[in-house]
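In what follows, a structure is listed as structure tokens, so that the remarks can point back to it.
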Amino acid sequence: MIGEVGGQTGGERADGGRPSGGLDLDGLRRVYGTPGHRAFYTLVCRRARHWGWTEPGQSKWRCWRAQRQLEGVLGRKLALPTGSRVLDAGCGEGVVARQLAARFGLRVTGVDLMDFHVREARRLSARAALEDRTAFAWGDFHELDLPAGSFDGVYSMETLCHAHDPARALAEFHRLLRPGGRLVLLGPAAVPRAEMPDTQQALLEPYLDAMVLPGARRYTTRTLGPLVTGAGFRLEEELDATRFYLPTTEALYAYFRVPYAVLRRLGASEHWLGLRSTVEMYELRHHVAWMVHTAVKDG
Ligand SMILES: C[S@@+](CC[C@H](N)C(=O)[O-])C[C@H]1O[C@@H](n2cnc3c(N)ncnc32)[C@H](O)[C@@H]1O
């Protein structure tokens, strides 16, 4: 089994397992556990911890609709029949899992390293009467104590960027899929550093450290596709979806640029990393792309 929610440390599994070496659990706890960060995601993002998808001609200000649309894109790329078993690698509070369960009839198992996320995910699924189609457990997606071929689909919604070893995480997704199973990865990637001006690199590197995004150092817009095929997948589609993501980043930047500047002046910005993310991702927008990779484990 994958782990029960840990105790005070949140890092230990009921089966005695430990997170894989290289994992910065304390750093991730600092990112996701600070009250300001949690308040930001609860109030502003209605608990989702991902960006949104806006179609041409739609208003950029409707960020919650954009988030639901992004989850819809994921469901359509997974393209799995009702009742399929799917792994949500890095589920947060389970917003995506519940959307896929409710709208696409999928049976989703979410794993996350933050015990407080797993607890909230379970509570919210019970409240939404989706306990029969969603399950949540503590776990490190680099190494899950689950049998090979357990899932028809695996997805990562803005989580591979946290992986200290993305190749290993992809190999684990490959192992966990049955032959014919489908993988969808959604998230940002930076352009190769050689194509990035020094000023942008000077903004990017401290941002990656602060948000604990080692994966974003291990791959770029160019190398993520080869990493997916290197793990044994057949790449079905590599989509640069930046144009669909930009409206949400623009809207959030407009809302939070000034509050974030004030918090920085007060020396409190580290407690509000969600705000930092909305502001700095926009400032990096010419050198970061939002990618959607869809791949198949051929049988
Ligand atoms: C940006 S949030 C996305 C959460 C969720 N996918 C969503 O869209 O709401 C990234 C999540 O990945 C989790 N995470 C990071 N590294 C992980 C790992 N190695 N194994 C499992 N979860 C991880 C974090 O705890 C966090 O909840």
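A quick note: this is a predicted structure, and the numbers were derived from the prediction, not measured. Just the heavy atoms: all of them, side chains too, but no hydrogens, waters or symmetry mates, feed the values below. Both counts, for ligands and for their atoms, begin at 1 and track the order of listing.
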Side chain, backbone, both or neither: the part of Glu93 lying under 4.0 Å from ligand 1 by heavy atom: neither

Sub-4.5 Å side-chain heavy-atom contact between Leu252 and Tyr282: no

Atoms in ligand 1 flagged as close to Gly92, the criterion being non-hydrogen separation under 4.0 Å: 4 (C), 5 (C), 27 (O)

Ligand 1 contacted by Ala163 (non-hydrogen, < 4.0 Å): no

Polar proximity ligand 1 side, Tyr32 side, N/O cut 3.5 Å exclusive: no

Arg285 CZ: over 12 foreign heavy atoms closer than 6.0 Å: yes

Check: His50 N/O within less than 3.5 Å of ligand 1 N/O: yes

side-chain contact (heavy atoms from CB on, under 4.5 Å) between Leu273 and Met211, worked out: CA-CA 7 Å; Leu273 289 173; Met211 303 301 291; 3.8 Å; yes

Parallel, tilted or perpendicular, as decided by the 30° and 60° cut-offs, for the rings of Trp290 and Trp51: perpendicular

Check ion pair Glu158-Arg49 (N to O, under 4.0 angstrom): no

Protein residue, atom and distance nearest to atom 12 (O) of ligand 1, heavy-atom basis: Thr159 CG2, 3.5 Å

Numbered atoms and elements of ligand 1 in range of Asp140, under 4.0 angstrom, heavy atoms: 18 (C), 19 (N), 20 (N)

Enclosure of Arg264 CZ (heavy-atom neighbours >12, cutoff 6.0 Å): no

Electrostatic pair Glu205-Arg193, nearest N-O below 4.0 angstrom: yes

Between Tyr32 and His162, a side-chain donor and acceptor under 3.5 Å: yes

Gap separating the CE atom of Met291 from the OG1 atom of Thr242, nearest 0.5 angstrom: 7.0 Å

Part of Ala169 with heavy atoms under 4.0 Å of ligand 1, whether side chain, backbone, both or neither: neither

Subset of ligand 1 atoms that lie under 4.0 Å from at least one heavy atom of Met114: 25 (O)

His162, portion touching ligand 1 at heavy-atom distance under 4.0 Å: side chain

Close N or O approach (Asp112, ligand 1; < 3.5 Å): yes

Under 4.0 Å to a heavy atom of Met157 - the qualifying atoms of ligand 1, by number: 3 (C), 6 (N), 8 (O)

Distance-only N or O hit between ligand 1 and Val96, under 3.5 Å: no

Distance filter under 4.0 Å to Gly139 heavy atoms, resulting ligand 1 atoms: 20 (N), 21 (C)

Enumerated ligand 1 atoms positioned under 4.0 Å from heavy atoms of Glu158: 1 (C), 10 (C)

His117, portion touching ligand 1 at heavy-atom distance under 4.0 Å: side chain

Check: Ala89 N/O within less than 3.5 Å of ligand 1 N/O: no

Carboxylate-amine/guanidinium contact Glu195 Arg222, below 4.0 Å: yes

